[in-house]
2 protein chains.
Amino acid sequence: MKREKISELTTNRLSVYLRCLNELASAGIKTVSSQELAEQFNLNSAQIRKDLGYFGEFGVRGIGYFVDDLREHLTKILGLDRPHRVGIVGAGRLGTALANYHGFSKSTFTVVALFDNDKEKIGGHIGPSRIPILDVKKIEKVVRDQTIDVAVIAVPARAAQRVLNQIMAAGVKAVLNFAPALLKARLGVKVKTVDLTTSLESLSYFLARPQETQVVSARRSGSARKRVETRTSRQL
Amino acid sequence: MKREKISELTTNRLSVYLRCLNELASAGIKTVSSQELAEQFNLNSAQIRKDLGYFGEFGVRGIGYFVDDLREHLTKILGLDRPHRVGIVGAGRLGTALANYHGFSKSTFTVVALFDNDKEKIGGHIGPSRIPILDVKKIEKVVRDQTIDVAVIAVPARAAQRVLNQIMAAGVKAVLNFAPALLKARLGVKVKTVDLTTSLESLSYFLARPQETQVVSARRSGSARKRVETRTSRQL
DNA sequence: CTCTGTGAAGTCATTCACAGCG
DNA sequence: CGCTGTGAATGACTTCACAGAG
């Protein structure tokens with residue numbers, strides 16, 4: 001077990017592996033090899049072994065990985081063995097949709113409050129679990145009282161940095177940002193931005209290309225043998 | 001002007017640059033240097049020049065870039081000078097939220113239809129522009145009639161691959177996927193997956209670490225001079 | 001003199017390839 | 001044997017550093 005800095009690409013993949021393992025487990029499958037896993041998401045098997053190798057030696061040579069065992073390890077590594085309490089700032093369409101989104105409220109993540117500055121909305125409740133909409137001014141107090149450790153920013157771009165500053169002041173260390181804005185966070189605070197506009201515009205670029213003649217490129221003629229693990233598109 | 005394969009990281013950044021240029025333009029600013037742009041999003045200025053350099057020589061030495069000029073170029077490069085028509089599959093919470101989301105419906109992207117398989121929902125309309133909810137079975141016909149060129153998948157994971165297949169059969173080449181699933185697309189079809197679960201779990205990993213002592217590492221003592229362009233977190 | 005455009009160098013990520021365990 | 005774990009090789013992306021245009 002090393003102690004290197006783990007890239008976010010790796011942690012993203014760990015999350016995906018875990019999801020797959022959960023499916024395997026409920027299908028009653030007991031063991032899985034890195035090769036089998038790799039085929040699920042078109043990925044190289046060495047990638048998976050490397051990713052896991054950062055955290056320990058979980059496999060058995062000649063066999064592969066025990067599904068339940070690896071599942072537990074990944075759950076622990078990702079910190080999903082402890083519950084997380086989520087606050088969503090912005091009770092607009094996106095914020096309220098996210099509050100209800102299963103997979104967001106799922107399992108270890110519980111949305112405990114929404115915040116807004118609109119007097120009309122404050123005092124209201126969202127969804128079947130009646131998540132309260134609170135005044136964004138009270139965010140610092142609520143974060144502490146409710147032990148919120150993850151914040152979601154779902155406000156317009158121009159308000160995003162201000163909101164982030166409030167969130168950071170309240171001591172939250174992990175933020176998922178949906179505002180199309182470049183936020184400056186201080187060291188020790190992790191901001192992940194999901195920028196829908198950029199995603200769409202990037203797709204638009206792809207559409208604008210003259211079909212980008214897919215370069216199948218035979219490479220150095222001799223060794224093009226095992227070009228089987230086709231990776232059409234790197235989704236991970 | 002070269003003709004290399006452009007990485008998605010580059011196209012994502014181009015989108016961000018464009019957004020920034022639009023802001024600069026409406027602030028009445030006429031020219032901007034790569035250095036100034038780089039400071040906005042903590043990024044290296046050479047990165048910006050490289051990104052732009054793939055597509056032409058847009059700058060003026062000693063000056064920088066003319067905002068309006070560069071804006072037009074990027075708009076064209078990203079294919080945002082032509083309108084895109086978007087179909088959203090899945091009229092659940094997320095799908096309907098996205099249909100209303102400004103920035104999604106904004107400017108060149110118009111959501112023209114939602115699709116669902118729920119008889120209760122089919123025939124209904126969403127939002128002020130009354131976007132119709134149609135039977136997902138009719139997707140192929142509607143895509144052609146309405147010339148939809150971008151699809152959004154907002155259905156549960158287990159249905160996602162099936163929906164993607166239908167979408168591809170209808171001839172759509174660009175897909176934004178919100179289902180937490182590894183989709184297999186055929187060559188020539190671009191799928192971008194936004195996986196909220198993975199984003200959250202990745203944040204959870206970060207929280208689980210013992211504060212990951214931020215390695216400020218003085219590096220090879222001598223040449224640590226210009227370590228000013230702090231890149232706390234690579235958000236792009 | 002300033003700022004672009006770009007090879008060269010550097011850093012980070014993925015894939016290969018194989019020793020060695022079970 | 002089959003499959004893991006991992007150095008070494010390759011490839012991708014970023015940053016440096018500087019020639020040269022304005």
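Below, chain A is the first sequence line, B the second, and so on; all start at residue 1. Bear in mind the structure is a predicted one, so any value in this text is a computation, not a measurement.
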* Those residues that, when tested against B/E23, pass side chain to side chain donor-acceptor pair (under 3.5 Å) (two or more places apart) ->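 Per chain and number, B/E23 pairs via side chain to side chain donor-acceptor pair (under 3.5 Å) with no residue.
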
* Test side chain to side chain donor-acceptor pair (under 3.5 Å) applied to A/N22 - qualifying residues, sequence neighbours left out ->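 By the side chain to side chain donor-acceptor pair (under 3.5 Å) rule, A/N22 matches A/R71.
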
* To do: Using the closest heavy atom to pick a nucleotide of DNA chain C for each, name whichever of A/S7 or B/L52 lands nearer the 5' end.
  =>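 Closer to the 5' end of DNA chain C: B/L52.
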
* Pair B/D81 + B/K76, salt bridge at N-O below 4.0 Å ->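 No, this pair does not count.
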
* So, A/E8 and A/K192, do they make that salt bridge, N to O below 4.0 Å? ->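 Counted as a salt bridge, because a side-chain N and a carboxylate O are separated by less than 4.0 Å.
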
Where the side chain of [X] is defined as all heavy atoms beyond and including C-beta, which of [options] is the nearest nucleotide?
X: A/K5; options: C/dT14, C/dC12, C/dT6; result: C/dC12
X: A/S33; options: D/dC3, C/dT15, D/dA17; result: D/dC3
X: B/S34; options: D/dT4, C/dT4, D/dT15; result: C/dT4

* Asked: Is any side-chain N or O of B/K50 under 3.5 Å from a base N or O of D/dT15, one able to act as donor and the other as acceptor?
  ->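 It does, because a donor-acceptor pair links the side chain of B/K50 to the base of D/dT15 below 3.5 Å.
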
* **B/R93, CZ: over 12 other non-hydrogen atoms inside 6.0 angstrom** =>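 Atom CZ in B/R93 is not crowded, with 12 or fewer foreign heavy atoms closer than 6.0 Å.
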
* To do: List for me each residue that meets side chain to side chain contact (heavy atoms under 4.5 Å, CB included) alongside A/A169, sequence neighbours excluded, and say none if there are none.
  =>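 Residues passing side chain to side chain contact (heavy atoms under 4.5 Å, CB included) with A/A169: A/E140.
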
* Under the ring pair (Phe, Tyr, Trp, His ring centres under 6.0 Å) test, which residues partner A/Y17, sequence neighbours left out? ->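 Checked A/Y17 against ring pair (Phe, Tyr, Trp, His ring centres under 6.0 Å); matches are A/F41.
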
* To do: On the 0 to 90° scale, with breaks at 30° and 60°, tag the A/F109-A/H84 ring pair as parallel, tilted or perpendicular.
  =>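 Ring orientation, 0 to 90° scale: parallel.
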
* Asked: Would you say B/Y65 reaches C/dG5's phosphate, i.e. side-chain N/O to OP1/OP2 under 4.0 Å?
  ->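 Checking C/dG5 against B/Y65, a side-chain N or O does come within under 4.0 Å of OP1 or OP2.
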
* B/Y54 side-chain N/O to D/dC13 phosphate OP1/OP2 under 4.0 Å ->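 So the side chain of B/Y54 is outside the cut-off, no N or O lying under 4.0 Å from OP1 or OP2 of D/dC13.
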
* To do: Using atom CZ of B/F58 as one end and atom P of C/dG5 as the other, report the distance to the nearest whole Å.
  =>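 In whole Å, C/dG5 P lies 9 Å from B/F58 CZ.
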
* Quantify the bending of the helix from C/dC1-D/dG22 to C/dG22-D/dC1 as the angle between its end axes, each fitted on five pairs, to 10°. =>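 One end axis against the other gives 10°.
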
Are there any protein N/O atoms within less than 3.5 Å of an N/O atom in nucleotides 20-22 of chain D, and if so, which ones and at what distance?
unit_1, atom_1, unit_2, atom_2, d
D/dG20, N2, B/R61, NH1, 3.3
D/dG20, N3, B/R61, NH1, 3.4

